[in-house]
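The structure appears right after this line, and notes come after that.
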Amino acid sequence: MRLISSIVVAFLLLGCNNRAKHIEVALQNGIEALSSGLLNNAVRFDGTDSFPRTFENGEVVCVNAYDWTSGFFAGDLWLAYELTGNDSLAYFARHYTEELHDIKDFTGHHDLGFMIYCSYGHQWKNFHEDDVKSVIVDAATSLCTRFNPTIGQIRSWDFGEWNYPVIVDNMMNLEMLFAATKMSGDSCFFDIAVKHADKCLENHFREDASSYHVVSYNDDGSIESKGTFQGFSDESSWARGIAWTLYGFTMCFRETGFERYLKQAERIAYYIMTTVNTVDKIPYWDYNDTAIPDSPRDASAAAITASALIELSTMTQKGKASKAYLSYAEDILLSLSSPEYMADPKENGGFLLKHSVSHKPLNSEIDVPLVYADYYYLEAAQRYFSLFENRRVH
Ligand code: GLY
């Protein structure tokens with residue numbers, strides 16, 4: 001009996017190692033291909049003050065520094081550098097990061113965390129330069145000008161008819177605030193991040209841990225409305241918004257140790273894993289689009305989810321859940337690394353992943369590559385490899 005159990009365990013271990021090895025090879029291929037696409041675009045757009053965002057109708061579409069995605073091109077370069085050690089990637093990563101310098105004083109919307117922390121954040125992690133630290137603390141100070149203590153949230157946007165709109169995506173900007181407290185010693189950034197996360201926990205979620213994209217507040221802090229801007233309908237689950245909440249609460253637990261954030265991240269993970277019903281685990285752009293299955297997938301939501309689940313798998317104390325999170329993330333990474341989702345960057349404007357959706361209700365960037373889908377794919381790869389640093393599969 002004992003012999004049979006040992007043989008079964010040995011086979012299971014072999015199976016796991018083969019799967020991990022297979023994923024590792026697939027990720028390495030993706031990283032290599034994307035690195036060359038990134039370098040081509042880095043040379044091509046040098047000196048233009050613009051940042052590649054997507055590829056449509058045979059053209060690379062770039063944005064200026066004030067677009068919410070402006071930091072991801074530098075972020076892709078940094079991640080590719082961290083994964084390969086290629087100094088040319090580091091050279092251009094620094095270059096495109098420093099082109100964002102003036103954004104630190106921008107207060108026109110809430111996305112400073114994406115713009116500055118996905119670019120300068122990597123420069124800081126790699127080189128620990130004091131002037132980089134100042135940029136991040138200044139950007140955090142600018143972001144905090146959008147915090148209203150009566151409402152307890154950072155305002156997302158200044159356009160539209162809402163009185164005080166806050167979108168779930170805003171959870172992602174908090175990572176920079178936690179970093180700013182560590183860098184400056186000033187707890188005000190940490191306190192605002194925690195207040196924002198707590199209010200989001202209170203008001204953005206439904207019973208099943210799905211979430212409203214936009215919650216708007218009256219000036220006295222009461223709720224004006226709950227609904228969507230980028231999703232299919234007010235009561236639907238917009239796939240990327242759900243992914244942002246998973247990533248955001250996982251990150252908040254890492255930064256605070258507060259169990260309520262871990263609990264919420266696990267609830268969201270359960271919701272995703274039991275609701276997304278595609279065989280390849282890449283969600284439709286909105287889980288509730290009535291046109292499904294004739295509806296586009298969103299590879300960006302899948303990449304964000306994979307990265308978050310890998311981190312969450314290292315945090316939960318529940319062994320079975322940890323394995324389930326990792327296994328789900330692995331399934332996503334295998335799908336994204338297959339020819340269905342992974343392009344040759346030479347034929348995809350220098351981007352890696354196909355099939356993302358930016359803003360379906362505005363008919364904007366549907367079924368295209370997006371710079372942030374590649375960012376979270378690279379980050380997921382980095383997190384995946386770090387799991388195996390001490391027991392690397394060969
Ligand atoms: N607001 C960021 C997004 O489109 O996900």
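Start at 1 and go down the list; that is how both ligands and their atoms are numbered.
- Using modelled atom types, one finds no donor on one side chain facing an acceptor on the other under 3.5 Å when comparing E340 with S335.
- Of the residues L326, I332, L333, the one that meets the side chain to side chain contact (heavy atoms under 4.5 Å, CB included) test with E330 is L326.
- For F114, the heavy-atom gap to ligand 1 stays at 4.0 angstrom or more.
- Using bins of under 30°, 30° to 60° and over 60° for the plane-to-plane angle, the ring pair F72/F114 lands in the tilted bin.
- Counting atoms of ligand 1 from 1 in the listed order, those under 4.0 Å from a heavy atom of D169 are 1 (N), 2 (C), 3 (C), 5 (O).
- Around atom NE2 of H359, more than 12 heavy atoms belonging to other residues, nucleotides or ligands sit under 6.0 Å away.
- For atom 5 (O) of ligand 1, the closest non-hydrogen atom on the protein side is R240 NE, 2.7 Å.
- Proximity of W238 to ligand 1 is established by a heavy-atom distance of less than 4.0 Å.
- With a 4.0 Å heavy-atom cut-off, ligand 1 is reached by the side chain of Q230 but not by its N, CA, C or O.
- Residues F249 and F205 place their aromatic rings such that the two centres sit under 6.0 Å apart.
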